[in-house]
Amino acid sequence: MAIKVAVLGSRGRMGSETCRAVEAADGLDLIAGIGSDDDLDRAAAADVVVDFTRPAVVMDNLRWCIDHRIHAVVGTTGFTPERLDSLRDLLKGTDVGVLIAANFSIGAALTMHFAQQAAAFYESAEIVELHHPDKADAPSGTAVATAGKIAAARAEAGLGDVPDATSSGLDGARGAVVDGIHIHGVRLRGLVAHQEVLFGAEGETLTIRHDSLDRASFMPGVIAAVRAVGDRPGLTVGIEEILGIG
Ligand SMILES: NC(=O)C1=CN([C@@H]2O[C@H](COP(=O)(O)OP(=O)(O)OC[C@H]3O[C@@H](n4cnc5c(N)ncnc54)[C@H](OP(=O)(O)O)[C@@H]3O)[C@@H](O)[C@H]2O)C=CC1
Ligand SMILES: O=C(O)C1=N[C@H](C(=O)O)C[C@H](O)C1
């Protein structure tokens with residue numbers, strides 16, 4: 001039987017791309033596209049809700065999904081450790097699956113995986129994320145997730161703080177610091193979603209770069225997550241396990 005899918009944020013950049021991908025996918029049936037003015041009850045018959053909305057509304061959407069026993073695939077950014085803990089609490093004792101990924105592209109998942117592997121070998125690490133200028137949040141969710149993985153690998157390897165002698169400068173000149181890793185954000189017309197992870201040690205640097213040139217790049221991951229989420233009760237963070245690199 002087809003999986004019935006509702007898309008929240010269906011008139012947005014990612015939501016509209018997702019509606020097209022769901023309609024084109026075998027075994028998936030798009031039953032509702034929901035915008036900010038629409039009643040969520042239009043999604044009540046869905047097996048899976050896909051959320052590409054805004055950090056400010058996504059938690060309310062997920063509470064509604066869990067209350068209605070509907071699985072959710074979430075690409076919206078803004079998931080702090082506190083938000084993830086509160087979702088785990090809400091999911092306890094249910095068979096609902098929620099899968100959240102800051103980035104559904106294969107290349108971004110591989111970038112994070114490679115960055116985590118490289119992190120233990122380099123004294124310095126910084127991230128540059130580059131996006132279209134209509135993006136509302138900074139730094140990107142992908143950069144925040146990447147910083148978390150690098151920081152965890154550094155801690156496990158016993159590395160201390162990244163070296164940085166800056167003692168004076170303009171606010172923001174060294175980027176935002178997430179888990180001890182500096183993240184620099186670029187917003188430029190013409191871009192979609194791009195990230196460079198830079199590592200440095202004495203006499204060498206390593207740069208891992210990923211470019212999403214089209215939002216189509218996110219769709220294989222979204223569709224795979226929609227197919228998988230019903231068999232994964234509880235909270236899944238990232239698509240690494242679905243790709244077999246988790
Ligand atoms: N995980 C991933 O792979 C990716 C994640 N993202 C993330 O996805 C999110 C959306 O990005 P993007 O599509 O570019 O943003 P857009 O601004 O293009 O789309 C967001 C949409 O959400 C709608 N919306 C807002 N509130 C609600 C609500 N309560 N119910 C239903 N719809 C609502 C908006 O409608 P309205 O205009 O009417 O307010 C808008 O159409 C961001 O957090 C972004 O970072 C983006 C790309 C890839
Ligand atoms: O807003 C975007 O466009 C993107 N958002 C996600 C993020 O913040 O990491 C994923 C990707 O970078 C595109």
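Numbering starts at 1 and runs along the sequence shown. In each ligand, atom 1 is the first atom listed, and ligand 1 is the first ligand listed.
Atoms of ligand 1 lying under 4.0 Å from any heavy atom of I34, numbered from 1 in the order shown and given with element: 31 (C), 32 (N). Below 4.0 Å from some heavy atom of G9 lie the following atoms of ligand 1, by number and element: 21 (C), 22 (O), 23 (C), 31 (C), 32 (N).
In summary, R20 and E23 do not engage in a salt bridge, as defined by a charged side-chain N under 4.0 Å from a carboxylate O. Between D161 and R154, no side-chain nitrogen of the basic residue sits less than 4.0 Å from a carboxylate oxygen of the acidic one, so the salt-bridge criterion is not met. Between D39 and R42 there is no salt bridge, since no side-chain nitrogen of the basic residue lies less than 4.0 Å from a carboxylate oxygen of the acidic one.
An N or O contact shorter than 3.5 Å is missing between P55 and ligand 1 by distance. The shortest N/O to N/O separation between L8 and ligand 1 does not fall below 3.5 Å. When only interatomic distances are considered, the shortest N/O to N/O separation between S36 and ligand 1 falls below 3.5 Å. Polar contact with ligand 1: present for T77 (N/O pair, distance under 3.5 Å). At a 3.5 angstrom cut-off on N or O pairs, G141 counts as close to ligand 2. Not a single N or O atom of V57, backbone or side chain, sits closer than 3.5 Å to an N or O atom of ligand 1. At a 3.5 angstrom cut-off on N or O pairs, R215 does not count as close to ligand 2. Between G75 and ligand 1, at least one pair of N/O atoms sits closer than 3.5 Å. Between A102 and ligand 1, a contact under 3.5 Å exists for at least one N or O pair.
The backbone of A102, and not its side chain, has at least one atom closer than 4.0 Å to an atom of ligand 2 (non-hydrogen atoms only; backbone = N, CA, C, O). The proximity of M14 to ligand 2, defined as any non-hydrogen pair under 4.0 Å, does not occur for either the backbone or the side chain. Contacts between T77 and ligand 2 below 4.0 angstrom, taking non-hydrogen atoms only, involve the side chain exclusively.
A centroid separation of less than 6.0 Å is found between the aromatic rings of F199 and Y122.
H132 counts as a contact of ligand 2, since one of its heavy atoms falls under 4.0 Å from the ligand. Note on ligand 1: G141 sits outside its first shell, no heavy atom being nearer than 4.0 Å. Within the 4.0 Å heavy-atom cutoff, K135 counts among the residues contacting ligand 1.
Among all protein heavy atoms, the one lying closest to atom 12 (O) of ligand 2 is H131 NE2, 2.6 Å. Remark: minimum distance from atom 18 (O) of ligand 1 to any protein heavy atom is reached at R13 N, 2.8 Å.
In this structure, of R215, R54, R11, the residue bringing a heavy atom nearest to atom 37 (O) of ligand 1 is R54.
Sorted by first and then second residue, the salt bridge (charged side-chain N to carboxylate O under 4.0 Å, His left out) pairs with a member in residues 184-197 read E129-R187, D134-R189, E196-R209; sequence neighbours excluded.
Considering all non-hydrogen atoms of both residues, T18 and F52 come closest at OG1-CE1, 3.4 Å.
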